[in-house]
Amino acid sequence: MGRDSCLAEGVECYNVARIRLGERAIVSQRSFLCTASHDYDSGDFALIGAPIDLGDDCWVAAEAFIAPGVMIGAGSVVLARAVVTRDVDPWSVVGGNPAKRIRPRRRDGKAMAKP
């Protein structure tokens, strides 16, 4: 866990592989960071794992799911209840199931104008 990072109440870290939180990374309540799954193409459903990496200054909102092997880029935001199965570019806002890029995140902290 990086300096000033936070895992909120009820966050589940299924860490068969490494989970890294960058500095000032926030993971909100009841999110699920899942570093393992099963190989559904193998006859015995072998356990497979891959690390999760949350960059500096990112936020994973409430009840989001982060899949094995995903990298959440620095400064990015994962919206509530999103299902993230692919890497998230830095300074992006993603949401949905499966999560898709919604827009860039401003770096200056000011709200973006509504369309």
Side-chain angles (χ1 to χ4, degrees):
M1 275 181 77
R3 181 176 53 86
D4 297 323
S5 61
C6 175
L7 291 174
E9 183 177 338
V11 171
E12 186 79 29
C13 293
Y14 184 51
N15 58 333
V16 169
R18 176 186 56 80
I19 297 174
R20 186 190 80 82
L21 273 67
E23 294 187 3
R24 298 167 304 280
I26 300 168
V27 182
S28 291
Q29 62 274 18
R30 295 177 306 281
S31 290
F32 190 30
L33 308 178
C34 183
T35 65
S37 187
H38 294 275
D39 180 358
Y40 46 79
D41 289 324
S42 73
D44 63 354
F45 294 105
L47 185 67
I48 52 176
I52 291 173
D53 190 296
L54 278 64
D56 295 345
D57 303 303
C58 69
W59 173 34
V60 175
E63 298 183 355
F65 175 87
I66 311 298
V70 168
M71 180 175 176
I72 307 295
S76 59
V77 174
V78 174
L79 298 177
R81 295 193 171 182
V83 176
V84 183
T85 60
R86 291 187 161 79
D87 290 350
V88 174
D89 290 335
W91 294 94
S92 296
V93 177
V94 301
N97 180 4
K100 294 185 183 338
R101 188 169 194 263
I102 295 171
R103 65 171 178 84
R105 179 177 174 220
R106 290 181 59 138
R107 296 175 189 231
D108 62 9
K110 295 179 182 175
M112 293 186 75
K114 301 223 180 206

For [X] and [Y], which heavy atoms make the closest approach, and how far apart are they?
| X | Y | result |
| --- | --- | --- |
| Ala17 | Gly49 | CB-C, 4.4 Å |
| Val84 | Ala99 | CG2-CB, 3.8 Å |
| Arg106 | Arg103 | N-NH1, 4.5 Å |
| Ser42 | Ala46 | OG-N, 3.0 Å |
| Arg101 | Trp91 | NH2-O, 4.3 Å |

**Prompt:** Looking at Val88, Asp89, Ile102, which one forms a side-chain contact (heavy atoms from CB on, under 4.5 Å) with Val94?
**Reply:** Val88

Rounded to the nearest 0.5 Å, what's the gap from [atom1] on [X] to [atom2] on [Y]? Could you check?
| X | Y | atom1 | atom2 | answer |
| --- | --- | --- | --- | --- |
| Tyr14 | Thr35 | OH | OG1 | 7.5 Å |
| Cys58 | Asp53 | SG | CG | 8.5 Å |
| Gln29 | Glu9 | CD | CD | 8.5 Å |
| Arg20 | Leu33 | CZ | CG | 13.0 Å |
| Leu47 | Ser37 | CG | OG | 8.0 Å |
| Leu21 | Met1 | CG | CE | 5.5 Å |

**Item:** Contacts of Arg86 that satisfy salt bridge (Lys or Arg N to Asp or Glu O under 4.0 Å) - sequence neighbours left out
**Value:** none

**Asked** Which pairs with one or both residues in residues 38-48 pass salt bridge (Lys or Arg N to Asp or Glu O under 4.0 Å), sequence neighbours excluded?
**Response** none

**Item:** Side-chain heavy-atom pair Leu7, Cys13 within 4.5 angstrom cut-off
**Value:** yes

**Item:** Within one Ile-Leu-Val-Met-Phe-Trp-Tyr cluster: Val11 and Ile19, side-chain cutoff 4.5 Å
**Value:** yes

Show the atom names and distances, to 0.1 Å, of all donor-acceptor pairs under 3.5 Å that link a side chain in residues 59-80 to residues at least two apart or in another chain.
| residue | atom | partner | partner atom | Å |
| --- | --- | --- | --- | --- |
| Trp59 | NE1 | Ser28 | OG | 2.8 |
| Glu63 | OE1 | Arg81 | NE | 2.5 |
| Glu63 | OE1 | Arg81 | NH2 | 2.7 |
| Glu63 | OE2 | Arg30 | NE | 2.8 |
| Glu63 | OE2 | Arg30 | NH2 | 3.3 |
| Ser76 | OG | Gly73 | O | 2.5 |

**Prompt:** So Arg24 and Asp57, salt bridge (Lys or Arg N to Asp or Glu O under 4.0 Å) or not? Walk me through it.
**Reply:** CA-CA 5 Å; Arg24 298 167 304 280; Asp57 303 303; 2.5 Å; yes

